[in-house]
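Scroll down for the structure; my scribbles are underneath it.
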Amino acid sequence: MKTLKLGLIGHPVKHSLSPWIHHQFMKQAGIEGEYHLYSIEPEVFEDKISKLLESGINGFNITVPYKQRIIPFLDELDPDAEKIGAVNTAVYKDGKWIGYNTDGAGYVRALKQVLPADSSTQRVLMLGAGGAARGIYRALVTEGFSYVDIANRTREKAEQLLQLQEPETVTEILTFAEAEEQIKKYDIIIHTTSVGMSPADNEQIVSLSGLKPNAVVSDIVYKPIETKLLRSAKEQEATIHHGHSMLLYQAQYAFEIWSGKQIIIGDLLDRLEQKVTEA
Ligand code: ATR
C-alpha cells in the first residue's frame with residue numbers, strides 16, 4: 001500500500017492522542033503513513049473541508065464540534081452513523097466519501113474485554129444521554145443488549161435515544177435519584193457525561209452505594225484515568241472499566257476501515273494509560 005494519509009479535524013485538537021495511537025497502528029501493520037491534526041475555526045469550516053476532501057487524504061477522524069456538520073459533505077453514510085446522526089470517521093473509497101461512527105461500537109468492543117462471554121441479558125444502566133451516549137446506546141442494542149435503562153438530567157434528551165432501539169430493546173428512563181435507589185439491580189453501569197473530568201475531578205454523577213456484587217462500572221471520562229466514580233466502584237469491589245480504552249478501540253475500528261488491516265491491542269492500552277497520565 002502507498003503512504004496512508006490520515007488526520008483529525010476538530011476545534012481544538014492540539015492535545016489529541018490520536019496521532020500517537022494511529023502511528024502505533026501503522027507501525028504494527030507495516031504501513032507507511034501520516035496522521036495530521038487539522039484545527040479548523042468554525043467560520044471557515046466549509047472552505048477548509050472542501051479543500052481537505054480534495055487534498056488526496058485517504059481518511060480522517062472528526063471530533064467536537066464537527067461530528068454533525070461534516071455530514072452534508074459526505075457521499076454516503078453507514079446506516080448506524082445515519083441513525084446516530086454523527087460521524088467520527090470518514091474514508092475515501094471507490095471515488096466516494098463514506099461516513100462511519102466508530103465511537104459507540106469501539107466503546108462496546110472495549111467494554112466487552114471486561115465482560116463475561118454472554119452478557120447481553122445483563123441489565124445495563126447508562127448515565128447521560130448526549131452525543132456520546134447516543135453512539136453507545138446504538139452499539140449496545142445492535143450488539144444484542146436488551147435491557148438498557150437511561151438516567152439523564154433532562155428527560156427529553158433520554159427520550160430521544162429511544163428512536164435508536166431494536167425491536168427487542170427494553171428501556172426505562174430514570175431520574176438520577178431513581179437510578180441511585182435502584183442501583184442494586186444493574187450488572188453494568190456506564191457513565192457517558194463529562195462529570196468528574198479534570199479539573200472537576202472531585203465530582204461524581206450518582207452515588208453507587210448498594211451496588212450489586214460483581215457489577216461492572218465503566219466511565220468514558222479518561223482524565224483522570226481513575227475518576228471518583230471508578231474509585232467509589234472499586235471500594236465496593238466492582239470491576240472497573242477505564243475511559244481511555246474507548247479512545248483506543250474506536251481508533252482501532254477506524255484504522256480497520258481505512259487500512260483493511262486487523263490491529264492487535266496488546267500492550268497499547270497500558271502504554272496509552274501512561275500517555276494520558278503524562279499529558
Ligand atoms: P457529549 O457529546 O460529550 O455526550 P453532549 O451531547 O453535550 O456531550 O451531552 C452531555 C451529556 O452530559 C448530557 O447527557 C448532559 O445532560 P443534559 O441532557 O441534561 O444536558 C450531561 N451533563 C453535562 N453536564 C452535566 C451535569 N453537571 N450533571 C448532569 N449531567 C450533565
Side-chain angles (χ1 to χ4, degrees), residues 10-12 15-17 63-65 67-68 84 86 88 101 103-104 106-108 110-111 114 123-140 148-162 164 171-212 215-250 272-273 276-277 279:
H11 188 67
H15 298 295
S16 170
L17 290 164
T63 188
V64 178
K67 290 184 188 185
Q68 278 118 22
I84 295 163
N88 81 321
N101 191 314
D103 286 328
Y107 170 80
V108 174
L111 179 69
V114 301
R123 299 193 82 100
V124 183
L125 170 65
M126 214 174 68
L127 303 163
R134 260 186 102 73
I136 291 173
Y137 183 75
R138 178 67 196 152
L140 286 169
V148 186
D149 291 348
I150 306 168
N152 195 46
R153 183 175 58 182
T154 314
R155 188 181 171 89
E156 300 79 67
K157 283 273 281 288
E159 281 167 354
Q160 286 166 15
L161 265 65
L162 300 180
L164 303 175
T171 293
E172 205 183 314
I173 294 174
L174 309 170
T175 63
F176 288 135
E178 287 165 339
E180 284 183 346
E181 277 162 29
Q182 299 175 38
I183 207 89
K184 62 176 166 305
K185 110 176 171 199
Y186 296 101
D187 305 293
I188 304 168
I189 295 168
I190 302 170
H191 173 231
T192 70
T193 85
S194 54
V195 174
M197 189 190 287
S198 177
D201 49 9
N202 213 22
E203 290 178 8
Q204 181 176 338
I205 193 137
V206 293
S207 155
L208 295 177
S209 145
L211 203 58
K212 189 171 186 169
V216 172
V217 178
S218 172
D219 198 335
I220 71 163
V221 171
Y222 63 86
K223 200 144 180 68
I225 285 276
E226 209 141 292
T227 57
K228 192 174 178 201
L229 184 81
L230 291 184
R231 289 200 305 275
S232 117
K234 217 175 184 178
E235 278 161 20
Q236 298 196 60
E237 288 168 22
T239 298
I240 62 169
H241 177 241
H242 299 96
H244 67 294
S245 71
M246 176 178 183
L247 198 61
L248 196 55
Y249 282 82
Q250 64 75 26
L272 180 63
E273 178 176 340
V276 172
T277 314

Would you please test Thr63 and Asn88 for side-chain contact (heavy atoms from CB on, under 4.5 Å) and show each step? CA-CA 6 Å; Thr63 188; Asn88 81 321; over 6 Å; no
Identify the heavy atoms of Thr227 and Gly196 that sit nearest to each other, and give their distance. CG2-O, 4.3 Å
Ignoring hydrogens and angles, tell me if any N or O in the side chain of Asp187 forms a donor-acceptor pair with the backbone of Arg123 under 3.5 Å. yes
Is Gln182 reaching over with its side chain to a backbone N or O of Ala179, donor-acceptor style, under 3.5 angstrom? no
If you look at every heavy atom in Val221 and Val195, which pair is closest and at what distance? CG2-O, 3.9 Å
Val124 vs Tyr137 side-chain heavy atoms within contact, under 4.5 Å: no
Are Leu161 and Thr171 packed together at the side-chain level, in the sense that at least one heavy-atom pair is separated by less than 4.5 angstrom? no
Hey, is the main chain of Asp201 close enough, under 3.5 Å, to the side chain of Ser198 for a donor-acceptor pair? no
Should Tyr222 and Leu272 count as side-chain neighbours, where that means a heavy-atom distance under 4.5 Å? no
So for atom NZ, which belongs to Lys234, do other residues, nucleotides or ligands contribute more than 12 heavy atoms lying within a distance under 6.0 Å? no
Please evaluate residues Leu17 and His244 with respect to the criterion side-chain contact (heavy atoms from CB on, under 4.5 Å), reporting the C-alpha separation (whole Å), side-chain torsions for both, the decisive distance (0.1 Å), and the verdict. CA-CA 10 Å; Leu17 290 164; His244 67 294; over 6 Å; no
To the nearest 0.5 Å, atom OG1 of Thr154 lies from atom CD of Glu159 at 11.0 Å
Once you round to the nearest 0.5 Å, how far does CG of Leu211 lie from CD of Gln236? 5.0 Å
So for atom OH, which belongs to Tyr186, do other residues, nucleotides or ligands contribute more than 12 heavy atoms lying within a distance under 6.0 Å? yes
Nearest 0.5 Å, what's the OG1-CG distance between Thr192 and Leu127? 7.0 Å
Minimal heavy-atom distance between His241 and Ser218, with the atoms involved, is ND1-OG, 2.9 Å
Okay, side chain of Lys184, backbone of Gly210: is any donor-acceptor separation there less than 3.5 Å? no
Are there more than 12 heavy atoms of other residues, nucleotides or ligands under 6.0 Å from atom CD of Glu237? no
Residues Leu208 and Leu229: closest non-hydrogen pair is CD1-O, 3.6 Å
Using only heavy-atom distances, determine whether the side chains of Thr193 and His191 contain a donor-acceptor pair under 3.5 Å. yes
Could you report the tightest heavy-atom contact between Ala133 and Met126, atom names first, then the distance? CB-CE, 3.5 Å
Working to the nearest 0.5 angstrom, can you tell me the gap between Ile190 CD1 and Met246 CE? 10.0 Å
Quick one: are Lys67 and Asp103 in side-chain contact, heavy atoms under 4.5 Å? yes
Decide yes or no on side-chain contact (heavy atoms from CB on, under 4.5 Å) for Val108 and Tyr249, but give the supporting numbers first. CA-CA 9 Å; Val108 174; Tyr249 282 82; over 6 Å; no
Only one of Asp149, Asn152, Leu162 forms a side chain to side chain contact (heavy atoms under 4.5 Å, CB included) with Ile173, so which one is it? Leu162
Quick check: does any side chain N or O of Lys223 sit under 3.5 Å from a backbone N or O of Val276, one acting as donor and the other as acceptor? yes
Mark yes or no for whether Arg231, through its side chain, and Glu226, through its backbone, hold a donor-acceptor pair below 3.5 Å. yes
Counting C-beta onward and ignoring hydrogens, is there a side-chain heavy-atom pair between Val206 and Ile189 closer than 4.5 Å? no
Would you give the length of the straight line joining atom CD1 of Ile225 to atom CD1 of Ile240, rounded to the nearest 0.5 angstrom? 10.0 Å
Using 0.5 Å steps for rounding, measure from the CG atom of Leu111 to the CD1 atom of Ile136. 9.0 Å
Between Leu164 and Arg134, which heavy-atom pair has the shortest distance, and what is it? CD1-O, 3.6 Å
